[in-house]
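For the single chain, residues carry numbers from 1 onward in sequence order.
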Amino acid sequence: MLDAASWAARLGGDSFLAQTFNRSYAVIPGQVADVADLLSWDDLNAILATQRLEPPRLRLSLEGEMVPLHRYALPVTTRRSVTWHRVQPAELHARLAEGASLVLDSIEKIHPPIGTAAEGLERFLGTLVQVNAYASWTGKEGFGTHWDDHDVVVVQMYGAKRWRLYGSTREAPTFRDVESPDPPEGEPVADIVLTAGDVLYLPRGWWHAVSADQGSESLHLTFGLVTNTGADLLTWVVDQLRSRTALRLDVPRFASPSVQARYVENLRAEVLRELSDPDLVNRWAESMDTTHYGRAITSLPYIEGLPVKAEVTVRLTTPRARLTEHAPKGIVTLAAAGTAWDFAVQATPLLRMLLTGEPATLGALAEIARLEVKDVAALVSVLIEGQAVAVVGTAL
């Protein structure tokens with residue numbers, strides 16, 4: 001299982017963060033056994049057969065163009081006049097044999113093993129992660145030479161895939177940018193073949209071309225990392241400043257030049273005061289970590305609190321929650337999903353257990369904190385109400 005510690009070990013831990021992350025590509029060799037539990041061909045077949053998947057969630061791409069939906073799916077209308085598209089296996093096979101690549105977006109939402117791996121990577125790198133699955137069968141490129149506006153961690157699942165890397169032609173390009181990067185010229189700076197178990201890290205903005213090596217079946221996962229730029233930081237700063245009068249006043253568009261100048265100077269002073277805080281980035285990171293909703297999971301059938309049953313199993317659903325101990329006050333604060341809860345310091349061991357992200361029974365939580373199961377059930381019920389914890393194993 002790829003939890004946070006496993007990701008850190010695979011990618012290189014602190015060395016990866018200090019020397020590679022956001023800077024350059026890295027290839028980490030592996031073995032089939034390292035990733036075998038994430039996704040199999042049987043899993044993919046089951047997903048395609050049981051889920052109603054519409055473009056762009058499920059799509060085929062060939063040489064940079066989307067394959068028209070009618071070439072591999074037929075519209076189906078239910079008796080209540082709801083229309084959706086059903087994949088036609090024979091037509092899908094034919095398009096893939098012609099060179100199209102199959103893409104399944106956000107597979108972490110519908111396949112728990114990949115969801116768990118995405119949470120582990122989020123814990124390690126501190127940013128939201130979306131996972132797409134890519135399958136191809138020929139040497140044709142599904143997307144042509146292109147770049148992404150986010151970093152990616154690629155995990156080769158089966159077969160082999162050839163990656164030709166060209167580097168970046170514009171420093172730190174973004175989705176909302178003032179200009180587009182120029183296409184690369186010349187030969188690639190790296191020509192890599194990933195085999196099952198290998199991992200590739202690629203920073204955003206790096207041009208690349210991908211194809212199934214030797215024209216054999218290939219399946220890989222791309223863990224996309226949500227980008228956090230200076231523009232995002234400044235947006236957050238402005239949100240923090242909304243309590244200041246200077247930022248709430250109307251823009252004096254019809255006032256004299258001197259009044260407008262004073263208005264702008266007051267704004268400038270407020271922004272500079274905030275930017276002068278040496279702890280600004282840490283404050284921003286804590287805010288992003290503790291306000292993100294995580295991966296919401298329902299806790300049915302327990303809609304009005306948990307029963308006092310030791311075998312009920314729960315887990316934290318917010319990978320970047322934070323725990324702060326206040327020793328003099330005898331309390332501990334858990335911040336997650338936009339809420340901060342204060343608990344007696346006796347709850348610290350069970351909260352730390354939850355912070356690992358691993359499933360835990362109420363009985364195990366009670367034992368480690370030396371509390372009664374009824375007290376733990378009440379505490380966890382509060383966190384479920386706050387959408388930070390969910391039941392993953394009922395007692396029914």
**Student:** Check the surroundings of atom CD in Glu367: do more than 12 heavy atoms from other residues, nucleotides or ligands lie under 6.0 Å from it?
**Tutor:** no

**Student:** Do Thr229 and Thr227 have a side chain donor and acceptor closer than 3.5 Å?
**Tutor:** no

**Student:** Run the salt-bridge test on Arg164 and Glu187 with the 4.0 Å N-O cut-off and return the result as yes or no.
**Tutor:** no

**Student:** Which heavy atom in Ala212 sits nearest to a heavy atom in Ser216, and how many Å separate them?
**Tutor:** CB-O, 3.4 Å

**Student:** Among side-chain atoms of Lys161 and Ser136, is any donor-acceptor pair under 3.5 angstrom?
**Tutor:** yes

**Student:** Between Ala8 and Phe124, what is the shortest heavy-atom contact and its length?
**Tutor:** CB-CE1, 3.6 Å

**Student:** Indicate yes or no: at least one non-hydrogen side-chain atom of Ile114 is less than 4.5 angstrom from one of Leu221.
**Tutor:** yes

**Student:** Heavy-atom distance under 4.5 Å between the side chains of His85 and Pro55, does that happen here?
**Tutor:** no

**Student:** First locate atom CG of Leu121, then atom CG of Leu128, and finally report the distance between them rounded to the nearest 0.5 Å.
**Tutor:** 10.5 Å

**Student:** Answer yes if Val314 and Val308 sit in the same cluster of Ile, Leu, Val, Met, Phe, Trp and Tyr residues linked by side chain heavy atoms under 4.5 Å apart, and no otherwise.
**Tutor:** yes

**Student:** Any non-hydrogen side-chain atom of Leu354 less than 4.5 Å from a side-chain atom of Arg315?
**Tutor:** no

**Student:** For Asp42 and Asn45, test the side chains for any donor-to-acceptor distance below 3.5 angstrom and give the result as yes or no.
**Tutor:** no

**Student:** Quick check on the 6.0 Å ring-centre criterion: do Tyr166 and Trp206 meet it?
**Tutor:** no

**Student:** Check Gly363 against Val373 and note the closest heavy-atom contact, atom names and distance.
**Tutor:** CA-CG2, 4.4 Å

**Student:** Judged by atom type as modelled, is there a donor-acceptor pair below 3.5 Å linking the side chain of His146 to the main-chain atoms of Gly144?
**Tutor:** yes

**Student:** Within this structure, what is the NZ-CG distance for the pair Lys374 and Leu362, rounded to the nearest 0.5 Å?
**Tutor:** 13.5 Å

**Student:** Got a second to check how far Asp43's CG is from Leu39's CG, nearest 0.5 Å?
**Tutor:** 5.5 Å

**Student:** Using every non-hydrogen atom in the two residues, find where Tyr263 and Asp250 come nearest and quote the distance to one decimal.
**Tutor:** CE1-O, 3.3 Å

**Student:** Which atom names give the shortest non-hydrogen contact between Ala118 and Val131, and what distance separates them?
**Tutor:** CB-CG2, 3.9 Å

**Student:** Would Phe143 and Tyr134 count as a close aromatic pair, with their ring centres under 6.0 Å?
**Tutor:** yes

**Student:** Is a side-chain donor or acceptor of Ser287 paired with a backbone partner of Arg283 at a separation under 3.5 angstrom?
**Tutor:** no

**Student:** Between Glu98 and Thr138, do the side chains contain a donor N or O and an acceptor N or O under 3.5 Å apart?
**Tutor:** no

**Student:** Tell me the closest heavy-atom pair linking Pro29 and Val27, and the distance in Å.
**Tutor:** CD-O, 3.6 Å

**Student:** Taking only Lys NZ, Arg NE, NH1 and NH2, and the carboxylate oxygens of Asp or Glu, determine whether Glu179 and Arg170 approach each other closer than 4.0 Å.
**Tutor:** yes

**Student:** Do Val391 and Leu379 sit in the same hydrophobic cluster, where Ile, Leu, Val, Met, Phe, Trp and Tyr count as joined when their side-chain heavy atoms come under 4.5 Å apart?
**Tutor:** yes

**Student:** Please check if atom CD in Glu311 has more than 12 non-hydrogen atoms from other residues, nucleotides or ligands closer than 6.0 Å.
**Tutor:** yes

**Student:** Is any NZ, NE, NH1 or NH2 atom of the basic residue among Glu325 and Arg352 found under 4.0 Å from an Asp or Glu carboxylate oxygen of the other?
**Tutor:** yes

**Student:** Let me check something: do Leu323 and Trp341 share a hydrophobic cluster, defined by ILVMFWY side-chain heavy atoms less than 4.5 Å apart, either directly or through other members?
**Tutor:** yes

**Student:** If the threshold is 4.0 Å, N to carboxylate O, is there a salt bridge linking Arg320 and Glu119?
**Tutor:** no

**Student:** Report yes if some heavy atom in the side chain of Val345 is under 4.5 Å from a heavy atom in the side chain of Ile331; otherwise report no.
**Tutor:** no

**Student:** Where the side chain of Ser106 meets the backbone of Lys109, is there a donor-acceptor pair that is under 3.5 Å apart?
**Tutor:** no

**Student:** Nearest 0.5 Å, please: how far is CD1 in Ile28 from CG in Leu200?
**Tutor:** 7.5 Å

**Student:** Counting distance only, does the side-chain N/O of Asp277 pair as donor-acceptor with the main-chain N or O of Glu274 below 3.5 Å?
**Tutor:** no

**Student:** When you compare the side chains of Asn228 and Thr127, does any donor N or O come within less than 3.5 Å of an acceptor on the partner?
**Tutor:** yes

**Student:** Has the side chain of Asp239 got a donor or acceptor atom that lies under 3.5 Å from a matching backbone atom of Trp236?
**Tutor:** no

**Student:** Taking atom types as modelled, find out whether Thr361 and Thr313 have a side-chain donor-acceptor pair closer than 3.5 angstrom.
**Tutor:** no

**Student:** Do you see a donor-acceptor pair shorter than 3.5 Å between the side chains of Asp182 and Thr169?
**Tutor:** no

**Student:** Do you see a donor-acceptor pair shorter than 3.5 Å between the side chains of Thr235 and Asp232?
**Tutor:** no

**Student:** Between Asp289 and Arg322, is the closest basic N to carboxylate O distance under 4.0 Å?
**Tutor:** yes

**Student:** Nearest 0.5 Å, what's the CZ-CH2 distance between Arg204 and Trp147?
**Tutor:** 8.5 Å

**Student:** Would Ser61 and Ser101 count as a side-chain hydrogen bond (donor to acceptor under 3.5 Å, both in side chains) if you check the C-alpha gap in whole Å, the side-chain angles of each, and the deciding distance to 0.1 Å?
**Tutor:** CA-CA 5 Å; Ser61 182; Ser101 291; over 6 Å; no

**Student:** Do other residues, nucleotides or ligands put more than 12 heavy atoms under 6.0 Å from the CZ atom of Arg248?
**Tutor:** yes

**Student:** Which of parallel (below 30°), tilted (30 to 60°) and perpendicular (above 60°) describes Tyr201 and Phe16?
**Tutor:** perpendicular

**Student:** Are Arg262 and Glu265 ion-paired here, with the side-chain N under 4.0 Å from a carboxylate O?
**Tutor:** no

**Student:** Between Trp207 and Trp163, does the ring centre distance come in under 6.0 Å?
**Tutor:** no

**Student:** Do His220 and Leu194 have side chains that get closer than 4.5 Å, going by heavy atoms?
**Tutor:** no

**Student:** Determine whether a donor-acceptor pair (N or O, by modelled atom type, separation under 3.5 Å) exists between the side chain of Arg123 and the backbone of Asp3.
**Tutor:** no

**Student:** Looking at Arg57 and Glu54, would you say the former's side chain and the latter's main chain have a donor-acceptor pair under 3.5 Å?
**Tutor:** no

**Student:** Measure the CG-CG distance between Leu96 and Leu60 for me, rounded to the nearest 0.5 Å.
**Tutor:** 5.5 Å

**Student:** Report yes if the side chains of His150 and Leu225 come closer than 4.5 Å at any heavy-atom pair, otherwise no.
**Tutor:** no

**Student:** Quick one: does Asp34's side chain have a donor or acceptor within less than 3.5 Å of a partner on Gln31's backbone?
**Tutor:** yes

**Student:** Donor-acceptor check, side chain of Thr174 to backbone of Arg176, threshold 3.5 angstrom: yes or no?
**Tutor:** yes

**Student:** Same hydrophobic cluster for Val152 and Leu219, using side-chain heavy-atom links shorter than 4.5 Å among ILVMFWY?
**Tutor:** no

**Student:** Report whether Leu17 and Val281 are members of the same hydrophobic cluster (ILVMFWY, side-chain heavy atoms less than 4.5 Å apart, transitive linking).
**Tutor:** no

**Student:** Between Asp105 and Arg59, is there a side-chain heavy-atom distance shorter than 4.5 Å?
**Tutor:** yes

**Student:** Just wondering, do Arg295 and Glu108 contact through their side chains at under 4.5 Å, heavy atoms?
**Tutor:** yes

**Student:** Can you see whether Thr318 engages His292 through a side-chain donor-acceptor pair at a distance of less than 3.5 angstrom?
**Tutor:** no

**Student:** Just wondering, are more than 12 heavy atoms of other shown residues or ligands nearer than 6.0 Å to CZ in Arg268?
**Tutor:** no

**Student:** Can you list the steps and then say if Thr333 with His326 is a side-chain hydrogen bond (donor to acceptor under 3.5 Å, both in side chains)?
**Tutor:** CA-CA 8 Å; Thr333 300; His326 309 279; 3.0 Å; yes

**Student:** With a cut-off of 6.0 Å (strictly less than), are more than 12 heavy atoms of other residues, nucleotides or ligands near CD of Glu141?
**Tutor:** yes

**Student:** Examine distances only and state if a side-chain atom of Ser24 and a backbone atom of Thr20 form a donor-acceptor pair shorter than 3.5 Å.
**Tutor:** no

